[in-house]
Amino acid sequence: MANNTNGEGSRKLDVRLDKKSKEIPKSVRTRRAKPLDSPPGHNNIGSSKGDEMSTKMQLRKDLNQAKKKQSPEAKNIAFNAELPHYLLSPSPEETKRDVFSESVLTDLHKKGDCITWFLLVRGSKEYDFSDKEYMVTGFSVSDDGLIMSVAHAFHDLDLKNVRIKGRRLDTNVFRTLRVKCIRMPWDVVILENEDVEDDDFGVFVSDGTLYRGQPLLICGNSHDYVGSNLVGTVGVSCVEDVTLPTGNEKCRSFDFDAWRSAEPRYRMFGDMWNKQTCNGNEIKDEFIKNCHPMVPYILCHGFSGRGGLSGSPAFNSDGKIVGMLSAVVRGYWILIHVTVLRHFLSEVLSDEQTDDEEKLAEKKDFQNFIQDM
């Protein structure tokens, strides 16, 4: 049948596969729809009939093996042994661990309220001096008053005159905040609480690896629904060892070539914002055009909400932060990956330590000067 050149063999094989489709687990049906040499979203254009037939023969072989194995664990091994990482289904241990049970959701709700902030950003535009007000979300990242959020809420404002008020979701007291450090191309900003308290703060996950289908919870402010908890799903797997952005490259000048290569190990801004999309009519926002194309992000779906959620922390089932909501693009929710957040915070804390050491050195020099007089 593999040597049949008129296509009849293919049609007969398709019929047999369709008749057995009720017995085919989802992972195999996905594999049948997307051949091994074709990443998701591709139609395998240009593949030969021989390659197509060999793939179908391999599928039938897998089906026969699966029928002989009754346990779900054995079937998982048979189905996933040869699949690329972007088609792999989560292991039973991962699925069991990452379920948002009622107790887990209750704990995350309490934890989210203790570290998540409702932020009001007011200021005048740099060019026309008209007053603007933005409502966004932030979250505490240290016990000495540092709060992380999105930079795009500040991109067209005069940072010297911007006014920021915020309150934690578990209090009614608004505090005055200021911009401590901002990195526009990464869409990340760190604010400082001038009324410093011994605050609770979120903990970043140590391993940013995420699998397709993994559930996440976002805690933020969806317009008037302040303190909303939303559950969604990771759409594309991601790894921990990403390449952090360097240099001054911009999305507007980035050449998009993902269609010509295999499935990437993680997604980045340049996959959706690039020379092709920024120079046409699709993207008009200057902030997006000037973002760094190498910023890694998590592509998610299933959340629902309105404006004001930007800057929301995303938690896994262990209560660790895996990302921060940045944007919604074509119905997908874009979360900046935890590796970027960790790196940016470490830079800010390192600068703080350097400043403190310099101040101590100046104080010591002054004391020595007084003693010598």
Side-chain angles (χ1 to χ4, degrees), residues 30 33-46 83-88 150-152 155 183-188 208-214 216 218 232-303 309-312 314 322-344:
T30 303
K34 298 175 182 178
L36 297 180
D37 57 346
S38 176
H42 291 231
N43 295 321
N44 204 30
I45 298 175
L83 286 174
H85 71 89
Y86 51 83
L87 291 182
L88 286 176
V150 287
H152 67 250
H155 82 280
R183 189 160 297 176
M184 292 289 184
W186 294 13
D187 195 17
V188 182
T209 302
L210 299 165
Y211 63 83
R212 291 180 68 178
Q214 181 173 346
L216 301 179
I218 282 178
T233 304
V234 175
V236 177
S237 59
C238 191
V239 297
E240 163 66 20
D241 55 331
V242 303
T243 301
L244 292 171
T246 57
N248 299 317
E249 194 171 2
K250 301 179 186 298
C251 285
R252 64 167 77 238
S253 57
F254 181 73
D255 285 321
F256 174 71
D257 62 353
W259 289 345
R260 305 183 187 91
S261 59
E263 178 76 4
R265 296 166 63 243
Y266 59 92
R267 295 291 183 181
M268 59 186 188
F269 278 178
D271 292 339
M272 56 182 174
W273 302 326
N274 46 66
K275 184 189 295 183
Q276 288 84 339
T277 57
C278 290
N279 293 337
N281 296 323
E282 185 175 353
I283 296 176
K284 299 180 180 179
D285 194 321
E286 289 299 317
F287 175 81
I288 290 177
K289 293 180 179 181
N290 292 323
C291 282
H292 200 294
M294 304 299 289
V295 174
Y297 72 85
I298 310 164
L299 184 129
C300 297
H301 59 86
F303 299 106
L309 284 167
S310 293
S312 299
V322 301
M324 177 181 69
L325 180 61
S326 172
V328 180
V329 179
R330 304 186 189 101
Y332 290 99
W333 293 58
I334 307 303
L335 279 60
I336 298 175
H337 193 252
V338 64
T339 49
V340 175
L341 310 182
R342 284 200 308 252
H343 182 76
F344 185 58

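Quick caveat: nothing in here was measured; it's all calculated off a predicted structure.
Ion pairing of Glu286 with Lys250 is absent here, as no side-chain N (NZ or NE/NH1/NH2) approaches a carboxylate O to less than 4.0 Å.
Minimum interatomic distance between Gly208 and Val338 (heavy atoms only, all atoms of both residues): CA-CG1, 3.8 Å. Among all heavy-atom pairs drawn from Cys300 and Leu216, the shortest one is SG-CD1, 4.0 Å. Contact record, Ser326 with Ile336: CB-CG1, 3.8 Å, taken as the closest heavy-atom pair. For the pair Arg183 and Ala151, the tightest heavy-atom approach, listed with the atom from each and the gap, is O-CB, 4.1 Å.
The structure places OG1 of Thr243 at 9.0 Å from CE of Met268, a figure rounded to the nearest 0.5 Å. Note: Asp187 CG to Ile334 CD1 = 11.5 Å, rounded to the nearest 0.5 Å. Rounding to the nearest 0.5 Å gives a distance of 9.0 Å between CD1 of Ile288 and NE2 of His152.
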>> side-chain contact (heavy atoms from CB on, under 4.5 Å) for Val188 and Met324? Distances and angles first, verdict last.
In response: CA-CA 9 Å; Val188 182; Met324 177 181 69; 4.3 Å; yes

> Does the pair Lys289 and Cys251 meet the rule for a side-chain contact (heavy atoms from CB on, under 4.5 Å), with working shown?
Replying inline: CA-CA 5 Å; Lys289 293 180 179 181; Cys251 285; 5.7 Å; no

> Would Arg330 and Met272 count as a side-chain contact (heavy atoms from CB on, under 4.5 Å) if you check the C-alpha gap in whole Å, the side-chain angles of each, and the deciding distance to 0.1 Å?
Replying inline: CA-CA 10 Å; Arg330 304 186 189 101; Met272 56 182 174; 4.3 Å; yes

> Does the pair Cys238 and Thr209 meet the rule for a side-chain contact (heavy atoms from CB on, under 4.5 Å), with working shown?
Replying inline: CA-CA 5 Å; Cys238 191; Thr209 302; over 6 Å; no

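Side-chain contact between Ile218 and Phe303 is present, with heavy atoms from C-beta onward closer than 4.5 Å. In this structure, the side chains of His155 and Asp285 come closer than 4.5 Å at one or more pairs of heavy atoms. Side chains of Trp273 and Val329 form a contact here, defined as non-hydrogen atoms less than 4.5 Å apart. Leu210 has its side chain within reach of Val322: a pair of non-hydrogen atoms, C-beta onward, lies under 4.5 Å apart. Residues Leu341 and Trp186 have side chains not in contact (no heavy-atom distance under 4.5 Å, counting atoms from C-beta outward). Between Arg265 and Asp241 the shortest side-chain heavy-atom distance falls below 4.5 Å. Between Lys275 and Arg252 the shortest side-chain heavy-atom distance does not fall below 4.5 Å. Between Trp333 and Leu325 there is a side-chain heavy-atom pair separated by less than 4.5 Å.
In the displayed structure, Tyr332 atom OH is contacted under 6.0 Å by at most 12 heavy atoms of other residues, nucleotides or ligands.
In this structure a side-chain-to-backbone donor-acceptor pair under 3.5 Å is missing from Asn274 to Phe254. Between the Asn279 side chain and the Gln276 main chain, no donor and acceptor come within less than 3.5 Å of each other.
Every residue meeting the side chain to side chain contact (heavy atoms under 4.5 Å, CB included) condition with Pro296, not counting sequence neighbours, appears here in chain and number order: Val242, Pro245, Tyr266, His337, Thr339, Val340.
Test Cys291, Pro185, Pro293 against Glu249 for side chain to side chain contact (heavy atoms under 4.5 Å, CB included) and you get one pass: Pro293.
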